[in-house]
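Residues: numbered from 1 along the sequence shown. These numbers come from a predicted model, not from an experiment.
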Amino acid sequence: MALFLGFDSSTQGLTALVLDCTGGERRVVLERSLAFDRDLPEYRTRNGVWRRGVGEVTSSPLMWADALGRMMEWLASERSFDIGGIAAISGAAQQHGSVFLNASAGGVLQALDSGNPLAPQLARVFSREESPVWMDESTTPQCDAISRALGGREAVARLTGSAPFERFTGPQIRKVFEHAPDAYRATSRIHLISSFLTSVLAGRDAPLEPGDAAGTNLLDIHACEWAQAALDATAPGLRERLPPVAPSATVVGPLSSYWRDRYGFPPALVVTWTGDNPSALVGSGLFSAGALGISLGTSDTVFGFSEEPRPTAAGSCHVFGAPSGGYMSLVCFRNGSLAREAVRDLYGYDWPAFSRALRATAAGNRGGLMLPWLEPEITPHVTQPGLRRLNLAAHDAPANVRAVIEAQMMAMANHAAVITRQRVQRLLATGGASVNREILQVMADVFDAEVIPMASGNAAALGAALRAFHAYEHAHGRRLDWNEVYDGVEAADYAARVLPVEGNVSIYRDLRKRYAEFERTEAATTAEPRS
Ligand code: ADP
Ligand code: XUL
């Protein structure tokens with residue numbers, strides 16, 4: 001039996017997915033999630049995070065490791081499959097967040113005591129108990145300083161694949177260096193969440209791979225190595241604090257003896273984790289340009305594969321390494337699921353009522369528009385949040401439901417136009433909200449493209465299991481082409497595909513321009529300009 005275990009450590013929870021690849025099969029045999037707020041209440045997170053000072057959003061690295069430990073324990077107790085068949089393990093994690101470890105971490109990870117639970121043993125390895133996450137907006141001064149040191153936003157984008165962004169790891173590290181110099185001095189290793197969790201499984205310090213490493217503003221996107229000029233512009237002594245960058249298919253080692261002795265896991269190969277978006281690219285089977293992926297999770301993201309990096313400082317498009325080789329372009333929206341939930345809750349709806357409201361209202365919403373910036377927005381850059389309406393009565397509940405979804409889809413379609421010059425005819429939808437057909441109908445109509453929902457809803461976890469499989473084969477001398485890796489995966493649910501309705505498409509063609517204008521005017525009056 002050849003089983004491959006993929007994790008997705010996302011903003012609000014952790015998912016595990018087991019893929020059976022025995023004899024040419026690619027069958028998902030198990031998928032299970034836990035939610036941080038509900039299942040690990042002692043960490044007191046809300047939607048998986050802590051909101052601190054102005055724009056500061058952090059979470060607990062100990063909680064992420066603890067959740068992984070609990071999931072491993074649950075997998076070991078699960079009787080529907082044999083953990084002895086697990087050949088390799090990989091994962092995906094929310095991007096950009098940084099984990100600051102002190103000098104004791106390496107030794108502790110190597111010598112974990114299998115007689116005791118994980119979390120108490122890890123409690124003292126952090127030089128900072130809180131990790132900034134991708135929702136953090138507090139580093140505009142650091143972005144500006146890095147930008148100045150490297151010759152402007154355009155120059156940073158050309159070098160690292162992205163202009164400096166508040167949530168990216170480099171600006172976050174610079175802030176720690178400036179505001180907590182003692183903690184910075186006490187830090188021997190700064191991991192991304194992905195490489196931290198890889199290290200916890202392998203019991204040794206893991207490298208980063210080019211997908212997630214590109215979310216730092218520190219990687220030379222062309223050479224796939226740390227860019228010395230960017231390191232110098234960020235903080236002193238940074239190179240020795242960062243993990244090395246290795247190819248995406250790197251096997252870090254066997255699962256450490258802690259997991260084998262405590263729970264009876266086999267010495268499965270641990271493969272470098274990547275970011276949730278690069279992993280979703282793989283899980284969506286996007287190995288060439290053409291279709292786009294859309295993830296409707298805590299963040300909403302639009303992404304596509306590209307052979308060449310085409311970084312631009314205009315807008316919010318990022319270039320990351322694609323784990324399958326080549327590159328990916330991505331645009332990220334902060335007001336995703338939590339904005340949909342906020343509007344849903346404002347009108348006392350549940351999801352079925354939310355969907356009924358979408359069905360009961362007409363495309364174009366009779367010209368009513370909303371800017372759903374309940375939190376500061378990444379795309380476009382908005383620092384002063386607030387829900388804004390145009391030709392839309394606040395008391396009209398169904399129209400407001402339609403307005404939030406139309407706004408999100410029009411923003412995605414407008415801003416994602418930079419990803420590809422071709423007309424996009426197919427969208428692969430994943431993430432928690434992709435189960436909602438009414439939302440997918442608006443997506444299809446706004447993009448004028450067919451929308452295929454992913455069968456599992458979690459392309460990132462599937463991508464992780466596929467990366468584990470690919471690296472395992474590679475390690476055994478079988479260099480599988482990515483299309484061979486993916487062949488047989490029933491990832492996309494073609495039976496549930498949603499087609500655009502011609503009459504609606506033409507309505508959105510016009511409305512998208514009006515939305516862009518409304519967005520431009522409001523963003524200009526509410527965002528502090530970046531230098
Ligand atoms: P992440 O991985 O970013 O933590 P998920 O992709 O798991 O998030 O998505 C979780 C979100 O899915 C929830 O916050 C919820 O808003 C959304 N969701 C779940 N069911 C529905 C539904 N029927 N319609 C719309 N959104 C939904
Ligand atoms: C991407 C981004 C988010 C996080 C959380 O740049 O910030 O999508 O990866 O999912």
Apply the test side-chain contact (heavy atoms from CB on, under 4.5 Å) to residues His222 and Leu159: give CA-CA distance (whole Å), side-chain angles for both, the deciding distance (0.1 Å), then the verdict. CA-CA 8 Å; His222 309 277; Leu159 178 65; 5.9 Å; no

Before we go on, tell me: are the rings of Phe305 and Phe287 under 6.0 Å apart, centre to centre?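 They do not qualify: ring centres at least 6.0 Å apart.
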
So, for Trp64 and Phe196, is the gap between ring centers shorter than 6.0 Å?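 No - the distance between ring centres of Trp64 and Phe196 does not fall below the 6.0 Å cut-off.
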
How long is the straight-line distance from OG of Ser138 back to CZ of Arg52, given to the nearest 0.5 Å?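 Here the rounded value is 12.5 Å.
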
Ignoring hydrogens, what is the shortest heavy-atom contact between Gln408 and Pro372? Give both atom names and the distance. CG-CG, 4.2 Å

Shortest non-hydrogen contact from Asn400 to Ala394? ND2-O, 3.6 Å

Side chain proximity check, Ser131 to Ser60, heavy atoms < 4.5 angstrom: no

Do Leu296 and Met443 make a side-chain contact, defined as non-hydrogen atoms from C-beta onward lying under 4.5 Å apart?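 Yes; the side chains approach each other to less than 4.5 Å.
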
Main chain of [Y], side chain of [X]: is a donor-acceptor contact present, judged purely on distance under 3.5 Å?
X: Arg334; Y: Thr379; answer: no
X: Asn335; Y: Leu374; answer: yes
X: Thr234; Y: Arg174; answer: no

For the pair His318 and Phe165, name the ring-plane relationship: parallel under 30°, tilted 30 to 60°, perpendicular over 60°.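 Because their plane-to-plane angle is over 60°, the rings of His318 and Phe165 count as perpendicular.
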
Hey, mind stepping through Glu129 and Leu62 against side-chain contact (heavy atoms from CB on, under 4.5 Å) and telling me if it holds? CA-CA 8 Å; Glu129 287 180 7; Leu62 185 62; over 6 Å; no

